[in-house]
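Since we're looking at a predicted model, the values are computed, not measured. Residue numbers begin at 1 in each chain, while the letters A, B, ... track the order of the sequences.
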Amino acid sequence: MSQKPVGGPPGEEEVDWCLYQLNGTTEFEVSEADIISTVEFNHTGELLATGDKGGRVVIFQREPESKNEPHSQGEYNVYSTFQSHEPEFDYLKSLEIEEKINKIKWLPQQNAAHSLLSTNDKTIKLWKVTERDKRPEGYNLKDEEGKLKDLSTVTSLQVPVLKPMDLMVEVSPRRIFANGHTYHINSISVNSDCETYMSADDLRINLWHLAITDRSFNIVDIKPANMEDLTEVITASEFHPNHCNLFVYSSSKGSLRLCDMRASALCDKHSKLFEEPEDPSNRSFFSEIISSVSDVKFSHSGRFMLTRDYLTVKVWDLNMETKPIETYQVHDYLRSKLCSLYENDCIFDKFECAWNGSDSVIMTGAYNNFFRMFDRNTKRDVTLEASRESSKPRAILKPRRVCVGGKRRKDDISVDSLDFTKKILHTAWHPAENIIAIAATNNLYIFQDKVNSEMH
Amino acid sequence: MFARGIKRKCFDGEEDIEGTLAGFKSVPSYNLQRQSLLDMSLVKLQLCHMLVEPNLCRSVLIANTVRQIQEEMTQDGTWQVINAQNTGQASLDRLVSSDILCRSTKEQGEGKLVPSYSSFSKDFEDIQSQDIISDLSTVASVQAPRNPQSNVWEMENPQENRGNFQKSLDQIFETLENKNPNSVEDLFSDVDNSYYDLDTVLTGMMSNTKMGHCDVLESFSSQTTTNSNSNCKSDINELDHIVEILVES
């Protein structure tokens, strides 16, 4: 297993990742509400949104390059912070509805404003983010502070003029899509038609029109007539990036179903079922649990799908349903620890996965604040760490290694010393450049390709 | 290290239970580990009841694991009624445990011994084993005459046990789904807190012992016990209703 960093486009120099910036409080002051629960770049990579357990959304904007300040180029600064969801109480069921933001998805930009969808367990909201950098001055009837003028002082008419002002970012809720889900929403995905989007909970998937909040169409329903017969739930879903009629959803049994909305109104019958037969030599009581898919992502090209289950990431070719074309081991050393991980519930952790812009490298998080990258072309992989101790600004990240007994090198970490409370569940890759955002509990790390940052 | 979980130990590292099932079946600790896993899973499911809104995916995965263990134990033949006379030495290791037992006593009706499954729990061995075994023997010997063909009895039981067990799983899912204003009480009435009280659990297997609402259910239930699921379900609903009334008064 090579230790050289990966991430560069095929044929070019390999990528050296370095810490670009770190946002978040120090370790001593972590409150549950600050824990980041989702990270998402917009379609150009100019904006980066994070959601947390307290229901807040923070949007970062990348500073445009300028020759005057070479060091602050490409820095992501806080653009806007707002409270997206509040805790609610469902009186009918006597249950609290958490305000934690499960997912954020950006809409493709159609005018000067930016729009995003944010969701908690039950309600999806459409937010519009607008800038105001001018204001009218010179009213006839009002003075500078807005007070009505004494009419006797008005001697002539004037046309109000727009004058520049300090930039103000305004965020307003444009639509609230409520009461569509009985179970907990785990995914939302905007369709390539830019008019509809889908939301998936444990048992159902609904199709919404972005402009209509009082109605949604149920397109998948796997709820059995008898809840006692329930053995499988929906874990993630996504629209195809190019074909607006196709979407995929994953299940807790490790299967993927590609559905075509043209086939029927209720897409209970999949068009394609992607499932890898179980390896009989590896079978255990935990086989099903570790096969449960926690995330599914289409490649940018639309040709492949990336799935994450507990121990591996897999690349699937849409044209081959029988097995994945590539399988990468994320942390196979945990295979012998499954019982303990079941006991402490870590086995149910849902890790996300991401493609880079050219679909040549895939990334996913792990424990001990480690995250892993796999280069599909060179077949090299690397383990990096997102922590304050090992990340000095602009210093190149050193690859980490987990040793499983046998020869132990300096700086290796043994499996038993891994901190399972430090998990990297949410990661995102800039759509075009080698910039990645890693959420480690309450901290947001942004790493960049050293070459990238030096060039600017 | 690992994040703190429940206190029960797990047998990682030493014996690898993730090996081929067939190959390891002969290893005694495999059964222990399997039992431990089963107990742990049941506790997890029980805890699900107490959470505000359980994670459905997690619950389903745990329930599937439980079913898988149960099926294997049924195939193994380890899913048996306790029969102290037949098992002899092995009975020292066997104790009936878990709240499932409590539910099964509801269905006893005439006092037919229907424990859900037996456990090879080493933990309990040292504690009160003597008292319990003698009680077990007493009960078992009382039951034996009712069923002269002990082979048939043993074969029957996996099905009954399955049924009882399945009912408990069903109940958990029912409760998960039927969250209505009364549900909070229902949730707690379903959860048998005596599971956590070892004494109560062990004494509860004797049909004459008072066991809180299980006993109440027995005395109020006028229906004779059958093995049909629907009867038991209506029993449970009726019984829950009765318990509610009792609690309110």
Out of curiosity, [X] [atom1] to [Y] [atom2], how far, rounded to the nearest 0.5 Å?
| X | Y | atom1 | atom2 | value |
| --- | --- | --- | --- | --- |
| B:E72 | A:F285 | CD | CZ | 3.5 Å |
| A:E343 | B:S36 | CD | OG | 7.5 Å |
| A:N186 | B:L56 | CG | CG | 10.5 Å |
| B:C57 | A:L203 | SG | CG | 10.0 Å |
| A:S284 | B:Q68 | OG | CD | 7.5 Å |

Using heavy-atom distances under 4.5 Å, tell me whether [X] contacts chain B through its side chain, its backbone, both, or neither.
| X | result |
| --- | --- |
| A:D202 | side chain |
| A:I97 | neither |
| A:S287 | neither |
| A:Y367 | neither |

**Message:** Under the side-chain contact (heavy atoms from CB on, under 4.5 Å) test against A:S292, which residue among B:L61, B:N64, B:V60 passes?
**Reply:**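 The single option meeting the side-chain contact (heavy atoms from CB on, under 4.5 Å) with A:S292 is B:L61.
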**Prompt:** Does atom CG of A:D90 have more than 12 heavy-atom neighbours, drawn from other residues, nucleotides or ligands, at distances under 6.0 Å?
**Reply:**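 Check passes, neighbour count above 12.
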**Asked** Can you name the nearest heavy-atom pair linking B:M40 to A:C339, along with the distance?
**Response**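 Looks like CE-SG, 4.5 Å.
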**Request:** Give the minimum heavy-atom separation between B:R67 and A:E228, together with the two atoms involved.
**Result:**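 The answer is NH2-O, 3.4 Å.
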**Prompt:** Has B:K44 got its NZ or CZ under 6.0 Å from the middle of the six-membered ring of A:F348, at an angle within 45 degrees of the ring axis?
**Reply:**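 The answer is no; the distance or angle limit is not met.
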**Prompt:** What pairs with A:D121 under side-chain contact (heavy atoms from CB on, under 4.5 Å), at least two apart in sequence or on another chain?
**Reply:**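 side-chain contact (heavy atoms from CB on, under 4.5 Å) list for A:D121, sorted by chain: A:E98, A:N102, A:H184.
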